[in-house]
> 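I am attaching a structure below and will ask some questions about it afterwards.
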Amino acid sequence: EVQLVESGGGLVQTGGSLRLSCAASGFTFDDYSIGWFRQAPGKEREGISCIDNSDGRAYYVDFVKGRSTISSDNAKSTVYLQMNSLKPDDTAVYYCAAGVFCGLGFSDPRLYTYNYWGQGTQVTVSS
């Protein structure tokens, strides 16, 4: 059974940091890219970052560049998203998902499909 389990969310003050984890099982981890997405209340889901587990290549969308770092521990089948300098606008449910592409446009469902999704972890940034 394919599973993606996010953890590490919580309540943090503006300017604080969090490290989210995505533990994967049930599929060949190295064959997939793992993406991080988020969805705030009343807003559409948006992609944040992804990593290609076959070669470690990472991609970030503009609004997190310089503030976030994605990394992968293939031995543990776990991907991490370190988020720094958090702002109230970062408040959302954060999801990880497994797909076959990482790069520009990775989060556009018209272009690429992320097949497996976790249940999400809440991140709340207080002002």
Side-chain angles (χ1 to χ4, degrees):
E1 178 188 5
V2 173
Q3 278 195 319
L4 293 165
V5 180
E6 303 95 337
S7 61
L11 174 64
V12 64
Q13 291 185 333
T14 296
S17 298
L18 284 174
R19 189 176 82 152
L20 305 183
S21 299
C22 173
S25 61
F27 61 95
T28 306
F29 188 74
D30 292 6
D31 289 348
Y32 282 81
S33 295
I34 300 293
W36 282 98
F37 303 76
R38 71 184 187 186
Q39 187 165 21
K43 295 187 178 181
E44 292 188 355
R45 187 179 67 202
E46 57 186 353
I48 303 168
S49 179
C50 59
I51 188 165
D52 186 329
N53 289 323
S54 68
D55 60 10
R57 180 176 48 87
Y59 176 82
Y60 302 90
V61 298
D62 285 347
F63 65 78
V64 298
K65 280 182 182 176
R67 297 196 296 134
S68 295
T69 303
I70 193 169
S71 60
S72 182
D73 185 337
N74 287 33
K76 295 182 178 179
S77 296
T78 300
V79 170
Y80 305 97
L81 182 68
Q82 175 71 41
M83 302 190 298
N84 303 319
S85 303
L86 286 165
K87 303 178 285 188
D89 284 350
D90 294 316
T91 295
V93 178
Y94 284 69
Y95 301 89
C96 65
V100 295
F101 175 75
C102 176
L104 178 64
F106 81 97
S107 62
D108 189 337
R110 299 168 300 176
L111 299 178
Y112 305 106
T113 299
Y114 271 68
N115 307 79
Y116 309 117
W117 290 81
Q119 293 301 305
T121 185
Q122 176 71 46
V123 171
T124 303
V125 184
S126 64
S127 57

> Does Phe27 share a hydrophobic cluster with Tyr95, counting links as ILVMFWY side-chain heavy atoms below 4.5 Å and allowing steps through other members?
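In one cluster: yes.
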> Taking all atoms of both residues into account, what is the closest heavy-atom pair of Gly47 and Phe37, and its distance?
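Nearest pair, atom of Gly47 first, then Phe37: CA-CD2, 3.7 Å.
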> Could you grab the distance from atom OH of Tyr94 to atom CD of Glu6, nearest 0.5 Å is fine?
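These two atoms lie 12.5 Å from each other.
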> Test of understanding: with side-chain hydrogen bond (donor to acceptor under 3.5 Å, both in side chains), list the residues that count as partners of Glu46, not counting sequence neighbours.
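For Glu46 the side-chain hydrogen bond (donor to acceptor under 3.5 Å, both in side chains) partners, ignoring immediate neighbours, are Arg38.
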> Is there a side-chain contact between Arg67 and Asp90, using heavy atoms and a 4.5 Å cut-off?
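When only atoms from C-beta onward are counted, Asp90 and Arg67 do touch, with a gap below 4.5 Å.
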> Under 3.5 Å, which donor-acceptor pairs do the side chains of residues 68-79 form with other protein atoms, sequence neighbours left out?
residue: Ser72; atom: OG; partner: Asn53; partner atom: OD1; Å: 2.8
residue: Ser72; atom: OG; partner: Asn74; partner atom: OD1; Å: 2.9
residue: Asp73; atom: OD1; partner: Ala75; partner atom: N; Å: 3.1
residue: Asp73; atom: OD1; partner: Lys76; partner atom: N; Å: 3.3
residue: Asn74; atom: ND2; partner: Asp30; partner atom: OD1; Å: 2.9
residue: Asn74; atom: ND2; partner: Asn53; partner atom: O; Å: 3.0
residue: Thr78; atom: OG1; partner: Lys76; partner atom: O; Å: 2.9

> Any heavy-atom pair between the side chains of Ile51 and Trp36 that's under 4.5 Å?
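No, side chains not in contact.
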> Tell me the salt bridge (Lys or Arg N to Asp or Glu O under 4.0 Å) pairs involving residues 112-127, sequence neighbours left out?
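As it turns out, there is no salt bridge (Lys or Arg N to Asp or Glu O under 4.0 Å) pair with a partner in residues 112-127 once direct neighbours are skipped.
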> For Lys65, check salt bridge (Lys or Arg N to Asp or Glu O under 4.0 Å) against everything at least two apart and list the hits.
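Result, salt bridge (Lys or Arg N to Asp or Glu O under 4.0 Å) vs Lys65: Asp62.
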> Once side chain to side chain contact (heavy atoms under 4.5 Å, CB included) is applied, do any residues pair with Val61, and if so which ones, sequence neighbours excluded?
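If we apply the side chain to side chain contact (heavy atoms under 4.5 Å, CB included) test to Val61, skipping adjacent residues, the hits are Tyr59, Phe63, Val64, Phe106.
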> Please table the atom pairs, donor to acceptor, closer than 3.5 Å between any side-chain atom in residues 114-127 and protein atoms at least two apart or in another chain.
residue: Tyr114; atom: OH; partner: Phe101; partner atom: O; Å: 2.5
residue: Trp117; atom: NE1; partner: Tyr114; partner atom: O; Å: 2.9
residue: Thr121; atom: OG1; partner: Gly9; partner atom: N; Å: 3.2
residue: Gln122; atom: NE2; partner: Ala92; partner atom: O; Å: 3.4
residue: Gln122; atom: NE2; partner: Thr124; partner atom: OG1; Å: 3.3

> Group every Ile, Leu, Val, Met, Phe, Trp and Tyr by side-chain heavy-atom contacts under 4.5 Å, then state whether Leu11 and Val93 land in the same group.
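Result: no, two separate clusters.
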> Counting only pairs under 3.5 Å, give me each side-chain donor-acceptor contact of residues 17-25, with atom names and distances, residues two or more places apart or in other chains.
residue: Ser17; atom: OG; partner: Asn84; partner atom: OD1; Å: 2.9

> Which residues satisfy the salt bridge (Lys or Arg N to Asp or Glu O under 4.0 Å) test with Arg57, sequence neighbours excluded?
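Scan of Arg57 (salt bridge (Lys or Arg N to Asp or Glu O under 4.0 Å), adjacent residues dropped) gives Asp52, Asp55.
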> The test is side chain to side chain contact (heavy atoms under 4.5 Å, CB included); show your working for Tyr32 and Val100 and say whether it passes.
CA-CA 5 Å; Tyr32 282 81; Val100 295; 4.3 Å; yes
> Using salt bridge (Lys or Arg N to Asp or Glu O under 4.0 Å) as the criterion, list what pairs up with Asp31, not counting sequence neighbours.
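Salt bridge (Lys or Arg N to Asp or Glu O under 4.0 Å) check on Asp31 returns nothing, list empty.
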> Only counting residues at least two apart or in another chain, list the ones meeting side-chain hydrogen bond (donor to acceptor under 3.5 Å, both in side chains) with Asp108.
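Partners of Asp108 under the side-chain hydrogen bond (donor to acceptor under 3.5 Å, both in side chains) test: Arg110.
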> Per the disulfide (SG to SG under 2.5 Å) rule, what does the pair list look like for residues 98-127, sequence neighbours excluded?
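Passing the test, one end in residues 98-127: Cys50-Cys102.
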